[in-house]
Number of protein chains: 2
Amino acid sequence: MRIAMIDDDIVSPDELHPALLDRGVFFGDGVYEVIRSYRGKIFAFDDHLQRFANSLAAVRIKNVAIELVRSRVMRAFEQAQIPDAKIYFHITRGSGPRDHTFTDDMKPNFFLTVDTVPDASAAKEAGISVSTHPDWRWKRCDIKSLNLLANVLARQDAAEKGCDEAIFVDEQGLITEGAASAFFAIIDQKLYTTALSGRVLPSITRKFVLKAASNICLEVIEKSITPNDARSADELFIGVTTKDIVPVVRFDGTEISGGRPGSLTERLIAEFRKFT
Amino acid sequence: MRIAMIDDDIVSPDELHPALLDRGVFFGDGVYEVIRSYRGKIFAFDDHLQRFANSLAAVRIKNVAIELVRSRVMRAFEQAQIPDAKIYFHITRGSGPRDHTFTDDMKPNFFLTVDTVPDASAAKEAGISVSTHPDWRWKRCDIKSLNLLANVLARQDAAEKGCDEAIFVDEQGLITEGAASAFFAIIDQKLYTTALSGRVLPSITRKFVLKAASNICLEVIEKSITPNDARSADELFIGVTTKDIVPVVRFDGTEISGGRPGSLTERLIAEFRKFT
């Protein structure tokens, strides 16, 4: 006899909702995206779909036509009728008995939510506080996977310190990125951000930040900095899909740029606005 | 309007099965155990419950009385009436809208399955083949968490090479452990296995292997070896709850101990049997 149990209830495995046998929960065996719209138009949709396709390929989830994903997202977005929407979606490899190995004929599970994107104007105007946390993540952070426990623990640690984001510091003492954002510093009129590799997500917001920097002739250096560098930086900010650029005015308790968003950061915010 | 979508169906978030909003799938925000019974008796139950409690504490999932977990496992095990059972269970932090941060008042989700443990006698008699894979896992492998995508990808890679287990090799070129097992080598009449740290799971089977080694006066050296060391080892084996000790007779294609289980490995298997 083979049985399953949910909380205190013993049930037959045949009666289980497929979501209870999702490889997403057993292994975090899936990938996701978060996209947003500005005033009724999805921002950088193709970029997000391309990254999603890359993530699917990297974890070898097949049987997913990216055009089907596009049409599902569009259909949900249109039905939701939210001009400034946050759209989350993930695909897991499928549901079935728990087994590390998989076959290519599994039916992937698609899940999506549409919500109003939280208003970020206060954070953008006042700036936010961040705190550092050891980067405990795996070595394939270029894949936007559902293995996010390190991010959860770091973000919770930050919240308990009264901070809005955790900034990961790797074993070499270098900043990689935020728990759910890309990280940027302006030092001597140059923009620093971590180079793309398996250590960071290829952030779409980062791509547009670099474009904005180019537009205002701000030199970009793709190089990780240390927390000490960050504490003495002229300006700091994070980049995240749901809020684009958010100034950082406190780093591990140290006030940055006089506790107010820096002027170059504000120019980048204005420049970014043109893309949206 | 706030909506959700499952595959092609748009639904109200209020109608979603809680498993679809489980932090287990959004973040892998949960921990698990696999235990087994031998002839009607659960093996090392207290050890597994203690490790489970440690994992829960490490990821800060509260509101879980470990004695309740014990009674649930016992009740399911007794009802299943499987003498040689494999019992899997996990607890996630709970279900709710996707948000990295959490509160202590969330209701954790418990899920368990009982199955017949697969017969390992053929593998134990003939030995298995293993292949190496880069250790992409996070830095808190001492926590038995649901973030297992690196393990899935490594195990799949091994399966496609005709191997039964993947052996992780870290960035220093050292073997940590298997994708779902502890790893052991016998070199010059000494037993080598990785020392406990954040790089490996504190394997319960490992604990009993070391006890078995002590019983047969086999010296233990807790030190990681390289794949080259492994290829030239006298004997190799893995330790895993569902099969205890399984000899390794092929390592990345190189035959080990003449392609047959080694004599010290067989003595350890016999010694381990006394514990069960």
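Worth saying up front: this structure is predicted, and the values here are computed from it rather than measured.
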S.K.: Select, from A/Thr101, A/Val152, A/Leu16, the one with the greatest count of heavy-atom pairs under 4.5 Å involving chain B.
M.R.: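 Among A/Thr101, A/Val152, A/Leu16, the one with the most close pairs to chain B is A/Val152.
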
S.K.: Considering heavy atoms only, which positions within residues 69-78 of chain A lie below 4.5 Å of chain B?
M.R.: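 A/Arg72, A/Arg75, A/Ala76, listed by number.
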
S.K.: Could you list all the ring pair (Phe, Tyr, Trp, His ring centres under 6.0 Å) pairs where at least one residue sits in residues 136-182 of chain B, not counting sequence neighbours?
M.R.: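 Output for this query lists B/His133-B/Trp136.
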
S.K.: Heavy-atom distances under 4.5 Å only: say whether A/Ala158 touches chain B with side chain, backbone, both or neither.
M.R.: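 When you check distances to chain B, no heavy atom of A/Ala158 falls under 4.5 Å.
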
S.K.: To the closest 0.5 Å, what do you measure between CZ (B/Arg2) and OG (B/Ser12)?
M.R.: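 So the gap between those two atoms works out to 8.0 Å.
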
S.K.: Out of A/Val59, A/Asp8, A/Thr113, A/Asp22, return the one with the most heavy atom pairs under 4.5 angstrom to chain B.
M.R.: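 It is A/Asp8.
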
S.K.: Given B/Ile238, which of B/Val246, B/Thr205, B/Asp244 fulfils the side-chain contact (heavy atoms from CB on, under 4.5 Å) condition?
M.R.: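 Answer to the side-chain contact (heavy atoms from CB on, under 4.5 Å) test with B/Ile238 among B/Val246, B/Thr205, B/Asp244: B/Val246.
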
S.K.: Does a side-chain heavy-atom distance below 4.5 Å link A/Gln79 with B/Ile3?
M.R.: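 Of all side-chain heavy-atom pairs linking B/Ile3 with A/Gln79, at least one is under 4.5 Å.
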
S.K.: Report yes if some heavy atom in the side chain of B/Arg206 is under 4.5 Å from a heavy atom in the side chain of B/Leu196; otherwise report no.
M.R.: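 In contact.
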
S.K.: Quick one about B/Asp84 and B/Ser37 (side-chain donor to acceptor, distance below 3.5 Å, no hydrogens or angles considered), yes or no?
M.R.: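 Distance-only check fails for B/Ser37 and B/Asp84.
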
S.K.: Does any heavy atom of chain A fall under 4.5 Å from the side chain of B/Asp99, the backbone, both, or neither of them?
M.R.: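 Neither part; nothing is under 4.5 Å.
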
S.K.: Give, as side chain, backbone, both or neither, the part of B/Pro108 having an atom under 4.5 angstrom from any heavy atom of chain A.
M.R.: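 The backbone, not the side chain.
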
S.K.: Name the option with the most non-hydrogen atom pairs under 4.5 Å to chain B; the candidates are A/Pro18, A/Ala154, A/Ala150, A/Pro13.
M.R.: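 Most heavy-atom pairs under 4.5 Å with chain B: A/Ala150.
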
S.K.: Kindly check if the number of other-residue, nucleotide or ligand heavy atoms within 6.0 Å of CD (A/Glu160) is above 12?
M.R.: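 Yes - once you tally the heavy atoms of other residues, nucleotides and ligands closer than 6.0 Å, there are more than 12.
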
S.K.: So A/Phe110 and B/Asp7, do their side chains get closer than 4.5 Å, heavy atoms only?
M.R.: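 Yes - at least one pair of side-chain heavy atoms lies under 4.5 Å apart.
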
S.K.: Give, as side chain, backbone, both or neither, the part of B/Ile143 having an atom under 4.5 angstrom from any heavy atom of chain A.
M.R.: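 No part of B/Ile143 comes within 4.5 Å of chain A.
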
S.K.: If you count heavy-atom pairs within less than 4.5 Å of chain A, which of B/Ile6, B/Leu68, B/Leu20, B/Val11 leads?
M.R.: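 The option with the most such pairs is B/Leu20.
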
S.K.: Taking the inter-plane angle between the rings of B/Phe111 and A/Phe26 on a 0 to 90° scale, is it parallel (under 30°), tilted (30 to 60°) or perpendicular (over 60°)?
M.R.: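 Geometry flag for A/Phe26 against B/Phe111: tilted rings.
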
S.K.: Looking at A/His100, A/Met5, A/Arg60, which makes the most heavy-atom pairs under 4.5 Å with chain B?
M.R.: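 Looking at each of A/His100, A/Met5, A/Arg60 in turn, A/Met5 comes out on top.
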
S.K.: Quick check on the interface: out of B/Arg23, B/Arg140, B/Arg93, who has the most heavy-atom pairs with chain A under 4.5 Å?
M.R.: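 Of the candidates given, the most pairs with chain A belong to B/Arg140.
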
S.K.: Quick check: do A/Val114 and A/Lys86 have side-chain heavy atoms less than 4.5 Å from each other?
M.R.: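 Side chain of A/Val114 against side chain of A/Lys86, heavy atoms only: no contact under 4.5 Å found.
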
S.K.: Using non-hydrogen atoms only, which part of B/Ile91 is less than 4.5 Å away from chain A: side chain, backbone, both, or neither?
M.R.: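 It is neither, since no heavy atom gets under 4.5 Å.
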
S.K.: Against chain A, label B/Phe89 side chain, backbone, both or neither, depending on which of its atoms sit under 4.5 Å from a heavy atom there.
M.R.: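 Neither part, no heavy atoms under 4.5 Å.
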
S.K.: Report which part of B/Leu153 has an atom under 4.5 Å of a heavy atom belonging to chain A: side chain, backbone, both, or neither.
M.R.: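 The side chain, not the backbone.
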
S.K.: Any side-chain to backbone donor/acceptor pair from A/Arg137 onto B/Arg137? Under 3.5 Å, distance only.
M.R.: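 Checked: no pair found.
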
S.K.: If every non-hydrogen atom of B/Ala19 is compared with every non-hydrogen atom of B/Val25, which pair is closest and at what distance?
M.R.: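 Looking at all heavy atoms of both residues, the shortest contact is O-CG1, 4.3 Å.
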
